[in-house]
There are 2 protein chains.
Amino acid sequence: MEEIEFTIGHLSRETGCKIPTIRYYENIGLMPKPPRSTGNTRVYEHSHLQRLDFIQHCRELGFNQNAIRELLDLTDRPDQSCAAVTEIAQTHLETVNQRISRLTALKSELKHMITACEGGRIEQCRIIERLADHSHTTSRTQAK
Amino acid sequence: MEEIEFTIGHLSRETGCKIPTIRYYENIGLMPKPPRSTGNTRVYEHSHLQRLDFIQHCRELGFNQNAIRELLDLTDRPDQSCAAVTEIAQTHLETVNQRISRLTALKSELKHMITACEGGRIEQCRIIERLADHSHTTSRTQAK
DNA sequence: TCTAGGGTCTCTAGTTACTAGAGATACAAG
DNA sequence: CTTGTATCTCTAGTAACTAGAGACCCTAGA
């Protein structure tokens, strides 16, 4: 049913990640150096696909390479201490929470605009005023 | 109580955005060219601070300059047609929803790790396996 | 067996989005 | 008038890709 080994082109098509980018991730150590075929081509398997997918999602979500490296390390090194894991995970959890609340505010504002527009009302858009303020970062999210 | 006009240094401290970056945003048109003082320094006011804050949040959330430009245009041009606004807002709303669901999955996984660690259990971390899979995205990912 | 096509390889250089530094100017305090 | 701080413009460097050149490998068809 499934191929258990595949080429870089296949990996690229599956993930939507461009081939040079995959090789770039390998160079900077985000992706492991995969085994090579007799013809020297990279040979990947399912775990590579999962890892690349994870990296891509993280990039889209605005995490930089260091952050991604830390997140990957959480899985790569089960031998590291629980204290270290907790601390790193806690830090990232806070970042993630902040991003969720900002995105939620942005979402409600976009929905508001769509609704207002569909209702045919010409309304001044207040997206910046509502979302840019520092006070929105932690808790407050005003919808509507 | 509040200064109504301030310098680029003040703006930088308020937002945490570096001075050269502010000037860079001005060059590429994300920030407007502010009026100048007699000594040729840039003079900002509250709306600039809000706009810069918004831009920064968007960058952190992984939006690129074009996306930010579109979001800003939603507020800058109240004269544009409702259809255009709806379409742009709708597109970004879908992106935002996708990001929220990914971040939510990441969040629950981080929380799980923290809890497991605090409980002292040595547990294999499955963050990638649980989050990287295609099935976690609501609709199919659009690679850019 | 030759060869055309496609996919891969490495390496280099370009793009986007900043970021840091050099050198000059403005201005308030001592 | 000098010292210090902040600003100015301009250029060059960094991070994270991305595209292109030229060579190698491998399968299929003549």
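Rounded to an integer number of Å, the gap from CE of B:Met31 to P of C:dC18 is 13 Å. Taking atom CD of residue B:Gln65 and atom C1' of nucleotide D:dA16, one finds them 14 Å apart after rounding to whole Å. When the C1' atom of D:dA6 is taken as reference, atom CG of B:Leu11 falls 15 Å away, rounded to whole Å. A straight line from NE2 of B:His10 to C1' of D:dT5 spans 17 Å, rounded to a whole angstrom. Between A:Tyr25 atom OH and D:dT18 atom C1' the separation is 11 Å, expressed in whole Å. When rounded to the nearest whole Å, the span between CD1 of A:Ile22 and P of C:dT10 equals 13 Å. Taking atom CD of A:Glu26 as the reference point, atom P of D:dC17 lies 15 Å away to the nearest angstrom. At whole-Å resolution of the value, CD in B:Gln56 and C1' in C:dA17 are 13 Å apart.
Within the nucleic acid shown, A:Ile19 comes within 4.0 Å of sugar-phosphate atoms alone, with no base atom in reach, counting heavy atoms only.
Taking 4.5 Å as the limit, some side-chain heavy atom of B:Ile22 sits within range of a side-chain heavy atom of B:Leu11. Side-chain atoms of B:Arg59 and B:Phe54, non-hydrogen and from C-beta on, never get closer than 4.5 Å to each other. Contact annotation: the side chain of A:Glu14 never approaches that of A:Asp53 to less than 4.5 Å [non-hydrogen atoms, C-beta and beyond].
Taking both residues in full, the closest heavy atoms of A:Cys17 and A:Ser12 are given as O-OG, 2.8 Å, listed atom of the first, atom of the second, then distance. Residues B:Lys107 and A:Leu93 approach most closely at CG-CD1, 3.6 Å, considering heavy atoms. Across B:Arg69 and B:Gly29, no two heavy atoms sit closer than the pair NH1-C, 4.1 Å.
Contacts with DNA chain D (heavy atom under 4.0 Å) in residues 35-43 of chain B: B:Arg36, B:Asn40, B:Thr41, B:Arg42, listed by number.
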Just the table, please: protein N/O against nucleotides 19-22 of chain D N/O, every pair under 3.5 Å.
| residue | atom | partner | partner atom | Å |
| --- | --- | --- | --- | --- |
| D:dA19 | OP1 | A:Lys18 | NZ | 3.3 |

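Here the straight-line distance linking atom CE of B:Met31 with atom CZ of B:Arg51 works out to 7.0 Å at 0.5 Å rounding.
Between B:Thr7 and A:Tyr24, it is B:Thr7 whose nearest contact on DNA chain D lies nearer the 5' terminus.
Judged as a salt bridge (charged side-chain N to carboxylate O under 4.0 Å, His left out), and not counting sequence neighbours, the contacts of B:Arg42 are B:Glu26.
Classification of the A:Tyr44-A:Phe6 ring pair by plane angle, with boundaries at 30° and 60°, yields parallel.
Taking every side-chain heavy atom of B:Thr21 into account, C:dC18 is the closest of D:dC17, C:dA17, C:dC18.
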